[in-house]
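Quick notes on the structure that follows.
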Amino acid sequence: MSESPDVLIVGGGLIGLAIAWRASGHGLRVTVIDPHPGRGASWAAAGMLAPVSEAHHGEEALIRLNMAAAEAYPDFVDELEAETEVPVGYRRCGTLMVGFDADDVRALHDVAALQGSLGLAVERLSGRACRELEPMLTPSVSGGIHVPGDHQVDNRRLVHALTVAVERRATLLRQRVTGLVVTGDRAEGVTLDDGRSLHAPTVVLAAGCWSRDLPGLPARVRPPVRPVKGQVLRLRIPIEPALFGGTIRWLVEGSPGYVVPRADGELVLGATSEERGFDTEVTADGVFQLLRGAHQVIPGISEATLTECRAGLRPGSPDNAPMLGRTAMEGLVMATGHHRNGVLLTPITARAIAALLATGEVDPVVAPFATDRFAAPAAPA
Ligand code: GLY
């Protein structure tokens with residue numbers, strides 16, 4: 001471990017690891033601390049890169065950030081793969097969103113109108129055209145939207161690649177952070193569960209939904225993140241014949257779901273969205289809802305082998321967007337609250353936070369996502 005790191009990063013999920021990788025590229029000495037790097041939300045995720053198919057009314061600033069993140073992906077992947085020789089399964093496969101009944105298709109067309117109004121590339125399709133693209137779909141699918149620019153990455157391979165890169169260039173400490181060290185009004189380091197303290201001029205809080213609860217964090221800089229539970233299944237199908245073209249998302253009587261097919265025959269089927277605190281139990285109802293939705297749209301999915309059932313905790317924020325940058329506490333920087341888009345936002349978060357750490361400059365692309373935007377306005381004098 002570097003004796004005198006410039007930066008300590010609390011949390012070694014994709015966000016913390018990628019910030020460490022990029023910051024070390026600026027010449028900074030970085031230590032990332034996490035008892036189980038990449039085994040939280042980053043491991044449970046499906047790896048959809050979905051700035052268009054996850055676009056929602058009222059979230060235009062977030063959509064712009066998500067689009068910028070998608071544009072940053074190819075270079076990020078090229079650079080990481082070249083450095084580590086770990087392929088991360090970035091597939092430019094597009095996404096098909098399908099509606100089961102007429103109401104579902106109307107809801108999708110409403111989304112398509114928003115997407116179109118923002119200049120995002122989408123194409124409305126009949127049920128027949130959807131089945132031509134994805135022959136595994138049931139003939140009962142009423143219609144859909146093709147989103148050619150929403151791709152995928154294998155998030156677990158990405159965790160592996162970033163871990164390799166960080167272990168080469170920085171320090172990855174597999175320990176639990178027990179508290180923030182504060183002197184006066186300044187963050188100066190962290191304490192660890194072995195009783196040691198580490199000190200650095202800057203601490204980056206990138207602990208996902210746990211970021212709010214770091215002992216020692218003053219209330220005024222506590223990020224309003226909360227855990228949003230997602231149950232996710234992993235299945236396996238033969239590679240030959242190739243049964244899926246790309247990601248398929250659906251609405252079945254108003255209930256959403258998706259399947260992300262990997263090149264190696266894995267299918268990632270998600271996801272519930274539940275407000276249940278830090279509960280990570282997989283429930284019979286969660287599994288049932290996921291399989292029922294998938295089976296209604298893709299009946300043949302019942303033939304797949306079920307290999308994993310898991311629940312992860314998304315770091316939800318009040319406006320579904322991340323909190324990125326300096327905080328009101330000297331020495332404390334934050335990168336949390338990525339909610340449903342953590343995998344997508346990894347490259348752009350890493351680029352912006354690493355530049356902030358190295359130069360003090362705020363990348364304009366993350367300026368709307370300042371960490372203090374939820375703070376209560378000061379009372380009039
Ligand atoms: N981005 C997909 C999900 O959070 O389920």
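Counting starts at 1 for both ligands and their atoms, following the listed order. We're numbering straight along the sequence, starting at 1. From a predicted model like this one, the values you see are computed outputs, not experimental measurements.
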- Taking atom types as modelled, is there a side-chain donor on W21 or E83 under 3.5 Å from an acceptor on the other? yes
For atom 4 (O) of ligand 1, the closest protein heavy atom turns out to be R314 NE, 2.7 Å
Checklist entry - Among the heavy atoms of H339, does any lie under 4.0 Å from an atom of ligand 1? => result no
### Query
Should the pair D194-R196 be classified as a salt bridge under the 4.0 Å nitrogen-to-oxygen rule?
yes
Under 4.0 Å from one or more heavy atoms of Y258, ligand 1 contributes atoms 2 (C), 3 (C), 5 (O)
Note: ligand 1 atoms sitting under 4.0 Å from heavy atoms of A271 are 5 (O)
### Task
I would like to know whether I19 and V7 meet side chain to side chain contact (heavy atoms under 4.5 Å, CB included); could you show each step before the answer?
CA-CA 10 Å; I19 292 171; V7 182; over 6 Å; no
query = Does R292 come within less than 4.0 Å of E253, counting only side-chain N to carboxylate O?
reply = no
If we number the atoms of ligand 1 from 1 as shown, the ones under 4.0 Å from a heavy atom of M48 are 2 (C)
Practice prompt. May I ask you to decide whether R156 forms a salt bridge with E308, counting only side-chain N to carboxylate O separations under 4.0 Å?
Written response: yes
Exercise. N/O to N/O below 3.5 Å, does that happen between N341 and ligand 1?
Worked result: no
Closest non-hydrogen atoms of A45 and V343, given as atom of the first, atom of the second and distance, are CB-CG2, 3.8 Å
Among non-hydrogen protein atoms, atom 1 (N) of ligand 1 lies closest to R340 O, 2.8 Å
